Amino acid sequence: MKRVSPLFLVLLVLGFFFATYNLLTMIIHYKTSTSEQWDLSNPFIQMPGNLMEGEGSNSKYHVALTATDAPYSQWQCRIMYYWYKKVKEMPGSDMGKFTRILHSGEPDNLMEEIPTFVVDPLPEGLDRGYIVLNRPWAFVQWLEKAMIDEEYILMAEPDHVFVNPLPNLARGKHPAGFPFFYIKPSDHKHVIRKYYPEEKGPVTNIDPIGNSPVIIKKSVLEKIAPTWMNISLRMKDDPVTDKAFGWVLEMYAYAVASALHDVHHILHKDFMLQPPWDTEVGKKFIIHYTYGCDYNLKGELTYGKIGEWRFDKRSYLSGPPPRNLSLPPPGVPESVVRLVKMVNEATENIPNWDTLNRG
């Protein structure tokens, strides 16, 4: 791997600082907003009205995630792939094959370890520093050029860990998605209407989702993906939209693109959990470790302040976390303890962990 320049690391750290700040403002009212809006006793928050109750699918789905060749992305992909392989053959799993869609334009040093399909990044400067904008373009290329055997696709991310066997939650042409509390199309009607005209119906037609995690029929995604890409670029090019949506702009673009194609998702709250805010694993399927977990030695959460004990993926921008991370202190929620144990198991068993993807 090439040495990472100090200037690049400074810019990367600043980017993550602003991203973390935006996420922090979103989650201040996390617990109250989720409990007020959704019946948490029901795993299905919302189902399309024309979905028959008994309709389902036992078809295999292809697991696909987009990634770069940066060490920060690589070590997350390695952990993700380790747990995919462990969970894939468990009873209740409908997992098929796996692809890391590498949008760096060239092969990297994980090609032999992880099934990978190389695609081109966006033309230089088009993403304006918002690297996630490459995701829809990567999926467009992969869908056009790759041989995909499965009828369904799970769009996942490097910082996902499979914690329970995941069945195909989609129902026929209706994809399964996770409801994000901070995706609120109705709160941004003046912006949404730039991309979702009134003749398409009310803004409430737009699901409160991103593109991941989503299990979707391949033929449906082939229709949505080009629209998702074009709307993402249009949104980023519009200063008002860019300011309104910030680091979740691409998520809004996917939600709008789906609604434009009259695709409505089954909203499944047990699809994913996000420590430290979700404290129990239960029957949920994916741990998403996007948030930092900071605690004092009494086991009390100190979010927004670096804890005496912490696990935050952003602490490892230039290389992988060490093996055998210290476990959280007593009193820390089960979800955080489970996450760290799963990271430790993966790093203990993945060959060349400390050296292969260090920048």
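This structure is a prediction, so every number in the text was calculated from the model and none was measured.
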Would you say the side chains of T66 and R135 form a donor-acceptor pair under 3.5 Å? yes

Besides M147, the hydrophobic cluster formed by Ile, Leu, Val, Met, Phe, Trp and Tyr side chains linked at under 4.5 Å, directly or via other members, contains none

For D278 and Q274, indicate whether the former's side chain and the latter's backbone hold a donor-acceptor pair under 3.5 Å. yes

Less than 6.0 angstrom separating the ring centers of H265 and Y254, yes or no? yes

Ring pair (Phe, Tyr, Trp, His ring centres under 6.0 Å) pairs, two or more places apart, involving residues 185-223: H188-F245, H188-Y252

Counterpart residues, salt bridge (charged side-chain N to carboxylate O under 4.0 Å, His left out), relative to D187 (two or more places apart): none

Could you list the residues that satisfy side-chain contact (heavy atoms from CB on, under 4.5 Å) with S219, not counting sequence neighbours? K217, E222

Residues in ring pair (Phe, Tyr, Trp, His ring centres under 6.0 Å) with F98, at least two apart? Y81, Y84

Hey, is D127 close enough to K236 for a salt bridge, meaning N to O under 4.0 Å? no

side-chain contact (heavy atoms from CB on, under 4.5 Å) partners of K284, counting only residues at least two apart: D270, L273

Drop me the distance from L325's CG to L339's CG, to the nearest 0.5 angstrom. 9.5 Å

Just jot down the side chain to side chain donor-acceptor pair (under 3.5 Å) partners of Y289, sequence neighbours excluded, or say none. none

If we count only N and O atoms by modelled type, under 3.5 Å, do the side chains of H62 and T99 hold a donor and an acceptor together? yes

Once side chain to side chain donor-acceptor pair (under 3.5 Å) is applied, do any residues pair with R193, and if so which ones, sequence neighbours excluded? none

Just list the side-chain donor-acceptor pairs under 3.5 Å for residues 223-230, sequence neighbours left out, or say none.
residue : atom : partner : partner atom : Å
T227    : OG1  : H261    : NE2          : 2.7
W228    : NE1  : E250    : O            : 3.4
N230    : ND2  : P226    : O            : 3.2

Quick check: are there more than 12 heavy atoms from other residues, nucleotides or ligands sitting under 6.0 Å from CD of E345? yes

So, using side-chain contact (heavy atoms from CB on, under 4.5 Å) as the criterion, who are the partners of S212 when residues are at least two apart? E157, H160

With P197, which residues qualify under side-chain contact (heavy atoms from CB on, under 4.5 Å), at least two apart? E199, K200, L260

Can a salt bridge be assigned to the pair R100 and D108 using a cut-off of 4.0 Å between side-chain N and carboxylate O? yes

Under the 3.5 angstrom rule, does the side chain of S104 hit a backbone N or O of E106 as a donor-acceptor pair? no

Between S73 (side chain only) and T68 (backbone N and O only), is there a donor and an acceptor less than 3.5 Å apart? yes

E113 bridged to R78 by N-O distance under 4.0 Å: yes

Distance-only donor-acceptor check, side chains E300 and N296, under 3.5 Å: yes

Electrostatic pair D159:K313 at N-O distance under 4.0 angstrom: yes

Can you give me the closest heavy-atom contact between A146 and F117, atom names plus distance? CB-CE1, 3.8 Å

Apply side chain to side chain donor-acceptor pair (under 3.5 Å) to K189 and list each qualifying residue two or more places apart in sequence or on a separate chain. none

Ignoring hydrogens and angles, tell me if any N or O in the side chain of R234 forms a donor-acceptor pair with the backbone of K194 under 3.5 Å. yes

